[in-house]
Structure formats: C-alpha cells, structure tokens
J.: 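Right, I'll just put the structure down here and ask away after.
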Amino acid sequence: PTVGVVICFTMLLVLSEEHKEHLRFLTSVELDVVKEFCRISLEFIRKGSNPRVYQTAAQKLGVDAGTVCHGVEGLMYLLTECSKLMVNELDFQDSIMVLGFSEDLKKELLAIYLENCNEIRTILSHMSMDLPHYQDLEWRLDVELASRALQRQVNPLVLLRFQIKDGESTSSELLQTDPVNLRHLTSTLEDALAEIKSQHCRRIMRNIK
Amino acid sequence: MKFRFCGELDCPDWILAEISILARLTSVKMKLLCSSVVKDILGTGIDYAKVTKLTSDAKYEELDVKAAVAALSFILSSAAKYSVDGTSLDNELQQLGLPKENANSLCKVYSDNLEKLQQVLSEKSMRVSTLDSVEWRVDYIMSSSALKQVGEPSVQLKLGRKDPTNASVTPLVFSVSGEKFRLLLRDMKQALSMMENLG
C-alpha cells in the first residue's frame, strides 16, 4: 500500500529594513487612507502601476509623492510575497507584527490578504516561465490530381496550420500529412489523454493535493 | 444523441444550456435576432445596441445577450458547415427543446441565407498563400561582362505573394530566359486546362 506524505510549511515572512521603513508610513495615516492604499495596490497588481495616482494621493495627504509610492509598493510587495509563499493566517499576523501597526490596521491587512490571496496567485501563475503553446488549428483536405511529373493521380493530403503562441508573439506552422499518418497521430494523442486516467497518474494527483 | 448540424456528434453542453434562453424570445424577435447574427457572420458586423433592444422584452441580462448571440452564431455556421437543409435543422432544434415557432423562424432565416453563409465560410477556409499580383517586363540583353554580344530576350517577373495569416504582400522577383519562359508557359497552360476540365 502506498502512503501519501503531506508536508506542512510554517513560513514567516522576513521583511528587510528598507521594506519596514516604507511600510512605517502607513502608521502615520488614517485607517481609511490605508484601505484606499490597499485598494490601489491591488489594482496595480492586476493592471500595472500608474504614477499619476501617487501624485494625486500625495497632494491630498500633504506628503512627498515618493513616500506614497514607497508605501503602496511596500504593500504590493507584502501581498505578492505572502501570496507567493502561501503564508497562512497566523504567520501573516506574526510577520506584520514587527511593523508596529495598530490592531485595526492588522485586522484590515489580514482581511485584504485572505480575500485576494487566490486572485494574486492566479496573476502570478500567468507570469511564470512558459513554453510556446498551442493556440489554434486550421485544417484543409486536398486531393492531388496531377503534378508536372505525373498526371492522373488521386492522392489525398491534409494540410494543417498551427498557431503557436510564445509569450507575446504568435507564429504559424504549416504542416502536411496523409490520412494514414493523421489517423496514427490522433490515436497517439488519444492514448496520451487516456494516460491521465491511469492508476499511476491518479495516485500522483491524489498525493499532490 | 447525434445531430447532423453538429457533424454527427453530440450537441455541445453549452448550446443545450442556451436553448432555454433562446426559447424566451417570441418568433418575430427570434427572426430579427437571427438576421442580425447572420449579418455578423457575413462580415458586416453586429449592432449590439439593436440586439439589446430586441431582447429587452424577454428580460435578457447582458450575459444572456452575449450567450444567445454566441449560440445562434454557432448553430447557423455549424449547420452551414455541414450543409444541413432547413427542414432537418428545424427537426433537430425542436428535438433539443426549442419551441416550434422559434425553430421555424430560425430555419427560415437560415435557408434564405444558406448560400451566402457557405460562400463566406469557403472564403474563410485555410489557404496556404494567395497570388496577389503579377507584373512583367521583357528585356533584351545586349552584352555583358562575360560576353560582348549576347543579344537575348529575358523576362522579369514580379509576383506578389499574400500571406493569409497577416495579410502582408511579399514580392517575389526573378528573371527567366526565353527558352525557360516558353517551358513555364506551356506547363501553366497544361495546369490551366486540367483545372478547366475539373470545373
């Protein structure tokens, strides 16, 4: 009988001095402002940063735009690092304890972290290293009736055009095959799909959970 | 259950789910919606504001509108792809649960536009590359660095090759001597007569 092994991580996020300094700015503002900063940092994680927002916020609060920028970026980094390492509740609270936040602020940060952890992980997963992957397939069935060398023939051919996406660029590959080869191709691919349902694969997938 | 309009395969689950949404329309609104979707497939684009107004009686949400358009687009283009006649499509849609009047109006629009749909689909078919233009020029070579008196005609051909994936035209330029050109012309004429025999 196979034994599944489950490993438990306890991860404490260690913040650098510079990071702590940036986040210390948050202790000097109201809770509502911090909530607004959290909202802004989530937007930036989703869509990319917009420097003008720093300017408007800095003017409203009467502080330097650089401080606002560091505060928001500090929040972004905190959230993405914790999501990346899948830090659990307790460890998150322990990690931010060093920052000297008020109880309300700590509760607020924890709530925002838990709510958005999954979404941030999805965004991070899209950013990881990627192989070129299949995007689209067009096909055509032709019958070759004659050529310059030989006339009066009947030769079925299948033309395939694959669209392959590699990061941002899409390339197309044109391939040609005959029906016998195509049948062999489809049966090999079907075998590959069926492999997922085999005992071995099922066992591994059970244990990864 | 195998359906002809799905190419003798099972109907996709999402189409089955959309049938109940489509059933909420009256047969008149269904006909107008189908006409809009056909215009979209034929390439003239779809007016979403008009479609939203059409479906507002049946209390369609924004998601419902998009789903209905997608389902109709699939049904119409898939049926045209497999050359299904109007009556069979009518029967199959009723089997899926679409009310009789709605199926009838859908199939009427389908039968009226079948030829145009198939023409558009055949234009969309995969092409390796297309010949966009042919330009030619006949030159007479008088002499060259290798031989003082050459005195030969030569044809310069410029073929425009259109790439279907990105619609760019790349020129292919080459020159052909008199003899080779006669051979090229003979082969092209042979190929042409073969194509005409088929057509």
Side-chain angles (χ1 to χ4, degrees), chain A residues 46 119 122 130-194 196-197, chain B residues 6-10 12-13 41 43 70 73-74 77-78 80-83 117-132 157 159 161-170 172 174 176 179-199:
Chain A
R46 281 182 204 124
E119 190 186 343
T122 321
D130 198 18
L131 289 167
H133 60 263
Y134 160 82
Q135 201 181 22
D136 196 15
L137 169 67
E138 277 179 272
W139 60 264
R140 189 173 91 181
L141 175 65
D142 285 344
V143 178
E144 191 182 334
L145 294 172
S147 70
R148 182 162 180 254
L150 179 64
Q151 303 200 356
R152 297 169 74 81
Q153 35 174 325
V154 180
N155 199 13
L157 292 168
V158 179
L159 277 168
L160 303 160
R161 177 183 277 135
F162 286 95
Q163 300 264 22
I164 310 280
K165 190 159 183 196
D166 191 358
E168 289 302 323
S169 59
T170 318
S171 64
S172 44
E173 305 287 340
L174 191 60
L175 300 170
Q176 187 187 68
T177 177
D178 57 356
V180 179
N181 223 353
L182 187 63
R183 199 169 299 161
H184 177 65
L185 205 82
T186 38
S187 77
T188 317
L189 289 172
E190 278 172 352
D191 286 344
L193 261 181
I196 292 184
K197 304 206 183 92
Chain B
C6 301
E8 307 293 340
L9 296 170
D10 294 321
D13 288 335
I41 303 178
S73 188
F74 175 85
S77 49
S78 186
K81 177 168 152 185
Y82 295 107
S83 296
L117 281 171
Q118 286 190 320
Q119 189 175 12
V120 165
L121 289 176
S122 122
E123 276 164 25
K124 273 201 202 153
S125 291
M126 185 179 123
R127 299 287 301 265
V128 177
S129 59
T130 24
L131 184 62
D132 197 48
L157 279 172
L159 302 172
R161 182 174 167 262
K162 191 166 181 186
D163 189 352
T165 46
N166 52 17
S168 62
V169 181
T170 34
L172 179 65
F174 55 94
V176 198
E179 276 305 313
K180 273 250 148 74
F181 188 70
R182 267 186 267 272
L183 214 60
L184 177 66
L185 191 61
R186 191 186 75 110
D187 286 335
M188 290 288 109
K189 281 184 178 167
Q190 256 184 352
L192 181 63
S193 71
M194 224 172 294
M195 278 173 71
E196 280 170 351
N197 284 341
L198 283 175

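Protein chains get the first letters and strands the later ones, always in sequence-line order, with residue 1 at the start of each. Just the heavy atoms: all of them, side chains too, but no hydrogens, waters or symmetry mates, feed the values below.
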J.: I'd like to know which of A:R161, A:Q151, A:Q163 tops the heavy-atom pair count under 4.5 Å against chain B.
T.: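 The candidate making the most pairs under 4.5 Å is A:R161.
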J.: Under 4.5 Å heavy-atom distance to chain A, tell me which part of B:M126 shows up: side chain, backbone, both or neither.
T.: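 Both backbone and side chain.
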J.: Tell me, for A:L174 versus chain B, whether the close heavy atoms (under 4.5 Å) come from the side chain, the backbone, both or neither.
T.: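 Side chain of A:L174 only, per the 4.5 Å heavy-atom cut-off to chain B.
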J.: Given salt bridge (Lys or Arg N to Asp or Glu O under 4.0 Å), test A:D142 with A:R140 step by step and report yes or no.
T.: CA-CA 6 Å; A:D142 285 344; A:R140 189 173 91 181; 3.0 Å; yes
J.: Can you find a pair of side-chain heavy atoms, one from B:Q190 and one from A:R148, that are under 4.5 Å apart?
T.: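 Side-chain contact under 4.5 Å: no.
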J.: Pick one of side chain, backbone, both or neither for A:L137, based on which atoms fall under 4.5 Å of a heavy atom in chain B.
T.: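 Contact with chain B involves no heavy atom of A:L137 at all.
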J.: Could you tell me whether B:R161 and B:D163 make a salt bridge, using a distance below 4.0 angstrom between a side-chain N and a carboxylate O?
T.: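 So B:R161 does not pair with B:D163 through a salt bridge.
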J.: Considering non-hydrogen atoms only, spot the tightest contact between A:P132 and A:I164 and give its length.
T.: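 Between these two residues, the closest heavy atoms are CB-CG2, 3.7 Å.
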